[in-house]
A.B. asks: 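Can you read through this structure? Questions will come right after.
As the structure lists them, so they are numbered: ligands from 1, and atoms in each ligand from 1. The chain is numbered in sequence order, starting from 1.
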Amino acid sequence: MKIGILGGGQLARMLALAGYPLGLQFIVIDPDSHAGAAALSQHLQGAYDDPSLLSQLAAEADVVTYEFENVPAHVAEYLSSHTTVYPPANALAVAQDRLLEKNFFQQLNIGTAPYAAVDSLADLQQAMKQIGYPAILKSRRMGYDGKGQVIIQSAEELATAFESMQGADAIVEGFVNFKREVSIIAARNPSGQIVYYPLSENRHKGGILRVAECKSGDPLQTNAEAYVRALLEKLEYVGVIALELFDVNGSLLANEFAPRVHNSGHWTIEGAETSQFENHIRAILDLPLGATTARGHAAMVNFIGGLAETRQLLNLTDCHLHLYDKTPRKGRKVAHATIRSDNEAVFTESMQQLVAIAIEVDNS
Ligand code: AMP
């Protein structure tokens with residue numbers, strides 16, 4: 001059985017690592033000659049929309065999935081008409097467009113920050129009468145890790161903020177004064193089985209995820225599960241999904257969802273009975289999904305733009321290192337490390353040391 005993946009970065013790499021014990025093979029398309037998953041798969045080097053590579057992928061793979069959501073609609077369409085593609089194309093279409101995504105949340109009674117579509121400066125001026133300051137203007141498409149976003153503090157900044165979108169369709173959102181950011185990762189298979197991971201509590205800096213910690217038994221777990229179940233069922237979704245949420249004094253507002261395995265779920269490799277990567281593979285092959293129960297305390301720290309010595313990291317108690325085989329470059333995620341421990345004091349101590357090391361080598 002062969003799994004095709006659009007994208008051959010670290011997510012594809014970790015999917016392949018999870019698929020080997022199940023006897024699976026992998027084929028990926030990635031333009032980078034040194035793609036992170038290349039060593040673990042048949043690598044088709046070239047553009048994601050190269051027709052000859054897509055036709056080879058569709059012919060060789062039993063099922064195709066992807067590691068990023070900005071897959072062009074015509075590529076998803078082509079692949080879907082030649083082979084099985086999961087998650088489904090409608091989930092991609094919604095997740096690619098912040099306006100459709102927010103409308104979809106509203107339709108499912110999932111709370112969001114107040115928002116409005118912005119196609120002109122007049123739209124923005126009008127919307128700000130309701131939304132109030134501060135607010136965030138975001139491009140509707142192609143945004144990730146806080147890119148294509150600008151905070152607006154006052155009416156004087158409206159014109160400059162609008163210009164910074166450079167004509168791209170946008171939405172404006174009220175700035176949420178959240179207590180914390182959390183995400184829920186869940187998986188659904190074609191038979192309709194759904195599993196939910198414990199909430200992950202996420203810390204960002206500069207729009208980039210830095211730390212994600214498993215929060216087993218969180219009081220907002222039930223609420224988050226209801227939200228993500230609504231999404232999974234409405235989309236007839238197959239695969240792993242990540243829903244990012246703001247905790248505003250105990251109520252949840254949805255920010256966005258990712259139709260793929262997600263950085264805030266990397267701790268599940270060591271910290272849950274079955275990792276998000278294995279469950280994604282099980283889901284797209286319509287296999288029974290594995291238990292998502294947490295194994296003690298677990299949290300993950302990203303290495304951005306710089307790496308620490310392997311020896312230094314492995315010297316920390318209960319630390320597990322995942323190198324992505326990427327050359328460090330400013331702002332680039334090159335590795336993550338997870339602390340997993342049954343002992344809370346050991347966990348806390350190791351996490352403090354790990355975070356300090358990650359900050360020291362950070363180049364974001
Ligand atoms: P996004 O690209 O939408 O995931 O945004 C990146 C990060 O910006 C989020 O993880 C939040 O930390 C912050 N952010 C995005 N939207 C809002 C908002 N409406 N209010 C406050 N912070 C936000």
Side-chain angles (χ1 to χ4, degrees), residues 11 67-70 91-92 94-106 110-118 124 127-128 130-154 157-158 161-162 164-165 168-185 199-213 215 220 224 227-228 231 241-267 299-302 304 331-333 336 362 364:
L11 300 181
E67 63 157 17
F68 57 91
E69 54 269 52
N70 291 319
L92 270 181
V94 176
Q96 280 174 3
D97 184 326
R98 291 186 191 277
L99 181 62
L100 297 186
E101 190 179 35
K102 289 274 183 327
N103 289 344
F104 192 63
F105 287 145
Q106 292 283 319
I110 297 174
T112 66
Y115 67 96
V118 173
L124 180 58
M128 287 311 296
Q130 264 84 52
I131 287 173
Y133 296 93
I136 306 191
L137 186 65
K138 300 180 177 179
S139 63
R140 275 174 60 175
R141 296 180 195 84
M142 302 302 280
Y144 68 98
D145 282 353
K147 293 190 172 64
Q149 301 192 9
V150 52
I151 297 183
I152 310 174
Q153 301 286 2
S154 68
E157 295 174 13
L158 287 182
F162 181 74
S164 75
M165 291 289 119
D169 292 342
I171 70 167
V172 63
E173 293 177 16
F175 190 88
V176 178
N177 246 327
F178 51 79
K179 198 167 76 186
R180 58 186 184 141
E181 290 189 80
V182 295
S183 58
I184 183 156
I185 295 187
L199 279 192
S200 177
E201 189 175 304
N202 308 324
R203 294 211 299 275
H204 294 80
K205 199 180 124 219
I208 305 177
L209 182 70
R210 307 296 165 142
V211 178
E213 179 172 347
K215 288 284 166 186
L220 295 178
Y227 279 1
V228 80
L231 285 174
I241 195 170
L243 173 62
E244 295 186 58
L245 300 151
F246 299 129
D247 170 0
V248 188
N249 299 321
S251 4
L252 290 176
L253 296 181
N255 179 32
E256 61 182 2
F257 75 89
R260 56 173 169 79
V261 285
H262 193 256
N263 196 174
S264 68
H266 289 1
W267 60 262
M300 174 254 23
V301 177
N302 273 334
I304 320 278
R332 200 177 196 206
K333 288 176 189 166
H336 78 265
D362 176 80
S364 55

A.B. asks: Donor-acceptor pair, distance only, cut-off 3.5 Å: does the side chain of E101 make one with the backbone of F257?
C.D. replies: yes
A.B. asks: When you check the gap from the basic side-chain N to the acidic O, do R98 and E173 get nearer than 4.0 Å?
C.D. replies: no
A.B. asks: With heavy-atom distances below 4.0 Å as the criterion, list the atoms of ligand 1 near E181.
C.D. replies: 9 (C), 10 (O), 11 (C), 12 (O)
A.B. asks: Using heavy atoms and a 4.0 Å limit, tell me yes or no: is G174 in contact with ligand 1?
C.D. replies: yes
A.B. asks: What pair of heavy atoms forms the shortest contact from K102 to N255, and how long is it?
C.D. replies: NZ-O, 3.0 Å
A.B. asks: Using only atom types and a distance under 3.5 Å, with no angle test, would you say the side chain of Q96 pairs donor to acceptor with the backbone of E69?
C.D. replies: yes
A.B. asks: Would you mind telling me if ligand 1 is within reach of the side chain of I136, the backbone, both or neither, using heavy atoms under 4.0 Å?
C.D. replies: side chain
A.B. asks: H266 vs H336 aromatic rings, parallel, tilted or perpendicular, using cut-offs 30° and 60°?
C.D. replies: tilted
A.B. asks: Which option out of F175, F246, Y115 puts a heavy atom nearest to atom 14 (N) of ligand 1?
C.D. replies: F246
A.B. asks: If you compare all heavy atoms of V118 against all heavy atoms of V172, which two are closest, and at what distance to 0.1 Å?
C.D. replies: CG2-CG1, 3.7 Å
A.B. asks: Give the numbers and elements of all ligand 1 atoms closer than 4.0 Å to a heavy atom of K138.
C.D. replies: 3 (O), 15 (C), 16 (N)
A.B. asks: Tell me which part of N255 gets within contact of ligand 1: side chain, backbone, both or neither, using heavy atoms under 4.0 Å.
C.D. replies: side chain
A.B. asks: Compare Q149, E173, H204 and give the one whose heavy atom is closest to atom 6 (C) of ligand 1.
C.D. replies: Q149
